[in-house]
Amino acid sequence: MKLLLVVCVCVCFAHSLKLKQETIDKWTEMSHPHVENCVEKSGVDKALADSVYTNLDYPDDQQFKCYMDCMAKKFGVLDSNNKFDQEKISDSTAPLDRKIVDDCVKKAEQSLNTCEVGYVFGTCIILSVAEQQNL
């Protein structure tokens with residue numbers, strides 16, 4: 001019974017996460033030049049791509065993963081060999097807590113499947129910032 005309660009609380013918390021509107025606006029503006037190209041390249045549904053910062057319940061979908069991977073590469077934080085560029089990461093994530101960035105890089109570097117590295121990194125950053133903003 002206690003386990004069920006803990007699971008319910010965790011699920012409810014995860015679904016209540018939201019980014020601040022200021023963050024959504026800033027990240028949407030940064031992403032805008034790359035969205036169409038990454039949607040076309042990945043084949044992801046455009047509505048899903050457009051809701052990356054507003055709907056934080058991410059699907060386990062290969063096209064979405066490839067979209068997120070494409071975006072990480074377009075931002076320059078991830079190269080074509082799935083290696084992180086620490087200088088670009090520092091530049092593009094400067095206002096973020098360094099520990100969050102380092103933790104997300106470590107999680108992403110454990111991924112071996114196609115498109116997983118950028119997906120894990122991107123969703124980790126977005127969800128971690130949302131958690132910080134909802135404290």
Answer yes or no: does atom CD of Gln132 have more than 12 heavy-atom neighbours from other residues, nucleotides or ligands under 6.0 Å?
-> yes
Salt bridge between Asp61 and Lys65, side-chain N to carboxylate O under 4.0 Å?
-> no
Mutual orientation of the aromatic rings belonging to Tyr119 and Phe64 [parallel < 30°, tilted 30-60°, perpendicular > 60°] | perpendicular
Taking the side chain as every heavy atom from C-beta outward, state whether Trp27 and Val52 have any pair of such atoms under 4.5 Å apart.
-> no
One should read off an interatomic distance between Leu127 CG and Asp57 CG, to the nearest 0.5 angstrom, of 9.5 Å
In sequence, state the C-alpha distance, the side-chain angles, and the governing distance for Val77 and Asp85, and then conclude on side-chain contact (heavy atoms from CB on, under 4.5 Å).
-> CA-CA 5 Å; Val77 297; Asp85 182 328; 5.9 Å; no
Could you state the interatomic distance from OG (Ser31) to CD1 (Ile24), rounded to the nearest 0.5 Å?
-> 11.5 Å
Which pair of heavy atoms, one from Lys107 and one from Cys124, lies closest together, and at what distance?
-> CD-SG, 4.0 Å
Note: Lys74 and Cys38 closest approach over all heavy atoms is CG-SG, 3.7 Å
Asn134 and Lys18: which non-hydrogen atoms are nearest, and at how many Å?
-> ND2-O, 2.7 Å
Measure the shortest side-chain to side-chain distance between Ile126 and Met68 over non-hydrogen atoms and say whether it is less than 4.5 angstrom.
-> yes
Do Leu19 and Gln133 have side-chain heavy atoms sitting under 4.5 Å apart?
-> yes
Give the C-alpha distance, both sets of side-chain angles, the deciding distance and a yes or no for side-chain contact (heavy atoms from CB on, under 4.5 Å) between Met30 and Asp25.
-> CA-CA 9 Å; Met30 286 174 35; Asp25 293 344; over 6 Å; no
Is there a side-chain contact (heavy atoms from CB on, under 4.5 Å) between Asn82 and Asp69 once you walk through the steps?
-> CA-CA 9 Å; Asn82 287 335; Asp69 190 72; 4.0 Å; yes
So, for Ser111 and Glu116, which heavy atoms are closest and what is the spacing to 0.1 Å?
-> CB-CB, 3.5 Å
Could you please spell out the steps behind the side-chain contact (heavy atoms from CB on, under 4.5 Å) verdict for Glu109 and Phe121?
-> CA-CA 8 Å; Glu109 287 178 334; Phe121 178 75; over 6 Å; no
So, does Ser51 use its side chain to make a donor-acceptor pair with the main chain of Leu48 at under 3.5 Å?
-> yes
Would you call Arg98-Asp102 a salt bridge at under 4.0 Å N-O?
-> yes
Greater than 12 external heavy atoms within 6.0 Å of Gln21's CD = yes
Tell me, do Tyr53 and Thr23 make a side-chain contact under 4.5 Å, heavy atoms counted?
-> no
Asn37 side chain near Cys70 side chain, heavy-atom distance below 4.5 Å = yes
What pair of heavy atoms forms the shortest contact from Cys104 to Ser128, and how long is it?
-> SG-OG, 4.1 Å
What closest approach, in Å, do Lys73 and Asp79 show between heavy atoms, and which atom pair accounts for it?
-> CE-O, 3.3 Å
Contact check, side chains of Val35 and Lys46, non-hydrogen atoms, under 4.5 Å = yes
